[in-house]
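Hydrogens, waters and symmetry mates play no part in the numbers below; they use all other heavy atoms, side chains included.
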Amino acid sequence: MNSQISPHVRVRFAPSPTGYLHVGGARTALYNYLFAKKNKGEFILRIEDTDEARSTQESLQGVVDDMVWLNLLWDEGVDSKTLKDLGPLGPYRQSERLPIYKEVADKLLQTGKAYYCFMTDAELEQQREQALKEGRNPHVNSPYQHWTLPQAQEHLKAGNKGVVRFKTQELKKDYILNDLVRGEVKFPSDMVGDFVLLRSDGMPVYNFCCAVDDHMMKITHVFRAEEHLPNTLRQLMIYEGMGWQTPEFGHMALILDEDRQKLSKRKGAVACSQLRDEGYLNSAVLNFIALLGWSHPEGKEIFSIEDMINVFDISRLNHSGAIFDRVKFKWVNAMHLRALPNMELWKQIQPFLARENMELPQDPVWQEKSIEVFKSYMEVLADAIELYRPLNDKSYVILPEAEETMKWEPTKAVLTAWKELVEAYPNEYMTEDEFLKIQDEVKNKTGAKGKHLFMPIRVAVIGKPHGAELKILVPLMNKKSLVSRAALALAQL
RNA sequence: GUUCCCAUCGUCUAGGGGCCUAGGACACCUCCCUUUCACGGAGGAUACAGGGGUUCAAAUCCCCUUGGGAACGCCA
């Protein structure tokens, strides 16, 4: 491979603001970001909003917000707050670059590399069906490709609308792409038909903008998903037609859904914003999506973005698609969660607890202690809700899973003894030792032991027979709360 | 249909001719820790799609088959 790294690396991520940013897009952005950082180059965010019908301002803001949340910050593009241009080679929104595309298209028209085509949709469709029936490529074969430019301009002046197509039929040769991840890929030129550059309303089309912008924005490396591999041929043709030097391309394998199909928004691809709502950490998202198509040289499974930047190498990019596995993702998130300092984790769960209007003590010592107890039970931040709920007096209930425990013969005696002993306790919060002593007394009084002792008490404390250790849990609750819970539990017998 | 891409445990992967009776991780199973559940620790089961070559030697290189995917738009 002749991948001589240019002195100054410039890469870009170019989303179209027609929906949310999903994990596939995020991974493309991540790899580009890593490559830029690793090579001390620039990371550009370009907005591909030439589909007027589907592009929206809200979606653009959403994508930008997700990028910011992921901490994939760009050097040039649009400002994350105002969405105004940022950088010397703008505008960075394609909808604001129309005159540029027009100019390039004119050049291609004048040099005979492109032509105006006036075929109707019906004609196109008919031709397509015919070709398919005969087992040929369903490519356009426009009669207008032979028209001279003045002839077409005359037709235009008469009020006809036409598209500008790139002329491919005379290019009878193979195009060779030295793909940075796949090696040599050979495309026969008839793999594509005369593709549209400018729509009849003058708006440019993806492949055209992409080539023009990558050239104008001095992009040196294009890393994108494999679905764009066939597009590369069209872009190569445009570069050749304009006499431009091509950037390096690298096509990465796709992220697949459970059916081994390309992840698509249509089929409910995972949105980054949704992951955030479910309580995934941005560092875990980055860690996990990096693993879907790349591996750490030391075989590490859990790592930070800084670590990734240090060791990132495109030679470790995979060639085959990867299924997005929610289960492993949760584990990765749990690992990141547990690596957080306690008070930082406390801070992170606040939005989730706030959603449920939970009132918890303000005491930082209590807060830190509670995190220490619940940390190993959390996989996503949202788990904190069910973990902390029992600590919230308002929501103490005996859960259905406690049913069996409540039926045990010694349960009533245990609950009664427990309630009496707690009532007799003189202070607000008991220590671990004091709890253990009380527990022992319950045991002596009732003769209950083992699960017949612990589970009823746990039900009286958190409403269910399983959960964190009592000796850590109980010191997190004040006497008043413990007594009223015990009373409630007894009342249910 | 045509073209292109891809192929190691269920999943993500390591491996790039001998170090491979194929390593790691998630999930699963067993045990330990724990008077519960998790966490943690120790083990276990499970994979080179098939067939031909090349070679002293193939998971690794080549070819074919099969399977999967993508693209063939006035979407990106």
Counting only side-chain nitrogens and oxygens, does [X] get under 4.0 Å of the OP1 or OP2 atom of [N]?
| X | N | value |
| --- | --- | --- |
| A:Asn318 | B:rU13 | yes |
| A:Ser320 | B:rC5 | no |
| A:Lys186 | B:rC5 | no |

Which whole-number value in Å describes the distance from [X] [atom1] to [N] [atom2]?
| X | N | atom1 | atom2 | result |
| --- | --- | --- | --- | --- |
| A:His296 | B:rU13 | NE2 | P | 16 Å |
| A:Phe324 | B:rG10 | CZ | P | 21 Å |
| A:Asp325 | B:rA25 | CG | C1' | 11 Å |
| A:Phe288 | B:rC26 | CZ | C1' | 9 Å |

Quick one: do [X] and [Y] make a salt bridge, cutoff under 4.0 Å?
| X | Y | value |
| --- | --- | --- |
| A:Lys173 | A:Glu240 | yes |
| A:Glu48 | A:Arg46 | yes |
| A:Lys262 | A:Glu226 | no |

query: When all nucleic acid strands are considered with a 4.0 Å heavy-atom cut-off, which category describes A:Gln261: base, sugar-phosphate, or nothing?
result: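 Answer is sugar-phosphate: A:Gln261 comes under 4.0 Å of backbone atoms only.
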- request: Mind checking A:Arg224 for me? I need base, sugar-phosphate or nothing, with any heavy atom below 4.0 Å counting as a touch.
  value: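 Result for A:Arg224 = nothing.
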- prompt: Which whole number of Å gives the distance between the C1' atom of B:rC19 and that of B:rC6?
  reply: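 It comes out at 29 Å once rounded to the nearest Å.
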query: Roughly how far apart, to the nearest Å, are B:rA57 and B:rG17 at atom C1'?
result: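 Roughly 8 Å separates the two C1' atoms.
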With a 3.5 angstrom cut-off on both distances, give the Watson-Crick or G-U wobble partner of [N], or none if there isn't one.
| N | value |
| --- | --- |
| B:rG10 | B:rC26 |
| B:rC4 | B:rG69 |
| B:rU35 | none |

- request: Return yes if a side-chain donor-acceptor contact under 3.5 Å exists between A:Asn287 and A:His336, otherwise no.
  value: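 Yes - a donor-acceptor pair under 3.5 Å links their side chains.
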